[in-house]
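Source: prediction; values computed, not measured. The figures here come from the full heavy-atom set of this structure, side chains too, leaving out hydrogens, waters and symmetry mates.
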Amino acid sequence: MMRAREAAVLALDKTNENYANLLLKDILKKVDSKDRSLTAALVYGVLSNRTRLDYTISHFCDFDKPSDTVKNILRTGAFQLLFTDRIPPSAAVNESVLLAKRFSPHSAGFVNGVLRKISSETVELPDKTDLVKYLKIKYSFPKGIIKKWISMFGDEEAEKLLAAMNEPPHMYIRVNRLKADAAEVAAAVGGKAVLPNLIEISGGLDVGASELYKNGSFTVMQKSSVLVCGESGVAPGMKVLDMCAAPGGKTLYLAELMENRGEVIACDLYPHRTALIEKNAERMGIGIVKCIACDSSEFNRDFEGAFDFVLLDAPCSGYGVIQQKPDIKWRKREGGLPELQRKLAGNAVRYLKPGGSMIYSTCTINNEENEDVAEYIKSLGMNLEFMKTYLPSRDGTNGFFAAKFSRR
């Protein structure tokens with residue numbers, strides 16, 4: 001079995017090739033259970049604070065010269081020194097040196113010297129007169145995101161948002177009230193109810209190993225997603241479409257709100273993702289979900305005018321879930337997202353029955369993917385019933401946008 005720091009460095013070495021959450025899912029299988037939480041904390045901590053760490057390290061060495069592995073050894077060591085209270089500085093330095101001896105023996109003295117300087121000397125942040133540079137270093141966000149959020153929210157609120165995005169994420173489970181009682185589940189997992197069917201849990205709960213999870217008593221779901229589905233107005237007997245359904249949490253919650261009566265069509269591009277929804281529907285005792293692997297950007301004539309409610313949780317830049325996926329900050333943003341979102345929304349409108357309703361949602365907070373698309377949906381003859389942007393700094397959720405419309 002690998003130790004926590006070794007696993008963290010190996011994961012960080014590969015984050016340019018894949019998403020950190022997917023890498024961790026695989027690598028944690030090779031880590032002793034008692035070390036898994038530290039491994040995850042190191043990986044997410046480094047990714048959340050990478051610019052600040054590199055800025056600090058660069059004060060004591062030429063940080064362009066080391067290999068990627070040595071850079072990540074220094075980053076994990078510096079993160080422990082600067083951002084954790086429970087790890088003694090001596091342990092952070094010594095364990096990093098041992099890693100250097102293993103992966104790059106000639107660099108062990110270099111790693112030792114740099115980390116000892118970081119442990120004993122303070123590196124000041126840039127002056128706040130250059131606000132964007134200051135925020136970039138302090139919160140480790142690219143300048144483009146910082147400038148965007150300042151323009152949207154103002155200096156003070158943007159800084160609060162940046163700070164909140166770097167906080168460890170809250171973890172929630174949604175109780176399946178078709179099978180279980182929320183109070184009993186909360187007591188069994190040692191969690192705290194934050195909504196009648198939503199429980200906040202600690203990171204120490206191994207969800208997949210829980211018998212309550214296996215028997216379908218609960219599933220993992222974000223607070224914002226629960227709140228948005230609660231605004232859907234779905235009822236037993238309705239015909240509902242979830243256009244971009246995977247991984248299926250909202251699909252299954254809509255079915256639960258319908259008391260497992262009616263029909264929910266769940267679409268996603270890839271068969272392995274629709275298979276995951278089917279597996280979870282079976283686990284949770286939900287029999288009204290039908291999954292279809294298809295491209296929802298292509299208009300389906302069989303769906304025209306067929307649905308009482310449509311959920312379009314659209315593909316997006318994902319900037320609202322940086323707490324859960326900090327490496328999103330460092331990835332090149334996909335082009336053409338607003339155009340794709342408009343195309344999907346146009347199809348959603350055509351799928352509604354007269355008097356039907358839809359929710360357009362994203363897990364980002366950028367206005368060109370949110371408010372601008374909502375305005376486009378309104379232009380298609382839809383009534384706007386509500387629209388909200390959820391922020392971690394204000395609402396205690398991940399970043400999320402939702403707008404509900406009804407067809408005239």
Within a 6.0 Å radius of atom [atom1] on [X], are there more than 12 heavy atoms belonging to other residues, nucleotides or ligands?
| X | atom1 | value |
| --- | --- | --- |
| R3 | CZ | no |
| K147 | NZ | no |
| K117 | NZ | no |
| K239 | NZ | yes |

Does the side chain of [Y] come within less than 4.5 Å of [X]'s, by heavy atoms?
| X | Y | value |
| --- | --- | --- |
| F141 | M165 | yes |
| L340 | P315 | yes |
| K179 | M284 | no |
| L352 | M382 | yes |
| R174 | L198 | yes |
| M221 | Y172 | no |
| C244 | L312 | yes |
| V111 | V70 | yes |

Go through the side-chain N and O atoms of [X] and [Y] and say whether any donor and acceptor fall under 3.5 Å apart.
| X | Y | answer |
| --- | --- | --- |
| D327 | T15 | no |
| N166 | K329 | yes |
| N72 | R75 | yes |
| D13 | T69 | yes |
| E369 | S317 | yes |

Distance, nearest 0.5 Å, that separates [atom1] of [X] from [atom2] of [Y]:
| X | Y | atom1 | atom2 | answer |
| --- | --- | --- | --- | --- |
| L212 | I173 | CG | CD1 | 8.0 Å |
| R86 | L38 | CZ | CG | 11.0 Å |
| L24 | L42 | CG | CG | 10.0 Å |
| D295 | S297 | CG | OG | 3.0 Å |
| S232 | L257 | OG | CG | 5.5 Å |
| L380 | R342 | CG | CZ | 10.0 Å |

task = Could you go through the side chain to side chain contact (heavy atoms under 4.5 Å, CB included) check for M243 and Y351 one step at a time?
result = CA-CA 10 Å; M243 289 179 63; Y351 295 156; 4.1 Å; yes
Ignoring hydrogens and geometry, is there a side-chain-to-backbone donor-acceptor pair from [X] to [Y] under 3.5 Å?
| X | Y | value |
| --- | --- | --- |
| D395 | L391 | yes |
| R5 | S96 | no |
| D32 | K34 | yes |

Grab the two heavy atoms, one from [X] and one from [Y], that are nearest each other, plus how far apart they are.
| X | Y | result |
| --- | --- | --- |
| A348 | V310 | CB-CG1, 3.9 Å |
| F303 | I265 | CZ-CG2, 4.1 Å |
| A374 | M387 | CB-SD, 3.7 Å |
| K223 | G396 | CD-O, 4.0 Å |
| S140 | S48 | CB-O, 3.3 Å |
| A402 | F386 | O-CE1, 3.9 Å |

task = Would you check, one step at a time, whether the test side chain to side chain contact (heavy atoms under 4.5 Å, CB included) holds for I377 with M358?
result = CA-CA 10 Å; I377 296 172; M358 66 173 282; 4.1 Å; yes
Return a table of donor-acceptor pairs under 3.5 angstrom between the side chains of residues 270-278 and protein atoms on other chains or two or more places apart.
| residue | atom | partner | partner atom | Å |
| --- | --- | --- | --- | --- |
| R273 | NE | D268 | OD2 | 2.9 |
| T274 | OG1 | P271 | O | 2.9 |

key: Verdict with supporting geometry, K250 and D313, salt bridge (charged side-chain N to carboxylate O under 4.0 Å, His left out)   = CA-CA 9 Å; K250 298 181 198 66; D313 189 37; 2.9 Å; yes
query = Passes salt bridge (charged side-chain N to carboxylate O under 4.0 Å, His left out), E156 versus K160? Steps please.
reply = CA-CA 6 Å; E156 186 177 342; K160 288 179 181 178; 3.6 Å; yes
Worked check of side chain to side chain contact (heavy atoms under 4.5 Å, CB included) between E6 and R102 = CA-CA 10 Å; E6 176 189 1; R102 174 169 181 179; 2.9 Å; yes
ask   = Which class fits the ring pair F83 and F79: parallel under 30°, tilted 30 to 60°, perpendicular over 60°?
value = parallel
task = Starting from the C-alpha separation in whole Å, work towards a yes-or-no answer on side chain to side chain contact (heavy atoms under 4.5 Å, CB included) for I150 and L135.
result = CA-CA 11 Å; I150 287 175; L135 295 175; 4.1 Å; yes
message = Does K71 qualify as a cation-pi partner of F63, given the criterion of NZ or CZ under 6.0 Å from the six-membered ring centre and within 45 degrees of its axis?
response = yes
ask   = With a cut-off of under 6.0 Å to the ring centre and 45° to the axis, is R283 in cation-pi contact with Y213?
value = yes
inquiry  = What verdict does the salt bridge (charged side-chain N to carboxylate O under 4.0 Å, His left out) test give for E282 and K279, after you've listed the backbone C-alpha separation in whole Å, the side-chain angles of each residue and the deciding distance to 0.1 Å?
reply    = CA-CA 5 Å; E282 182 178 0; K279 181 179 179 181; over 6 Å; no
inquiry  = Using the rule given for side-chain hydrogen bond (donor to acceptor under 3.5 Å, both in side chains), can you reason through Y139 versus E159, listing the C-alpha separation, both sets of side-chain angles and the distance that settles it, and then say yes or no?
reply    = CA-CA 9 Å; Y139 299 107; E159 181 166 3; 2.8 Å; yes
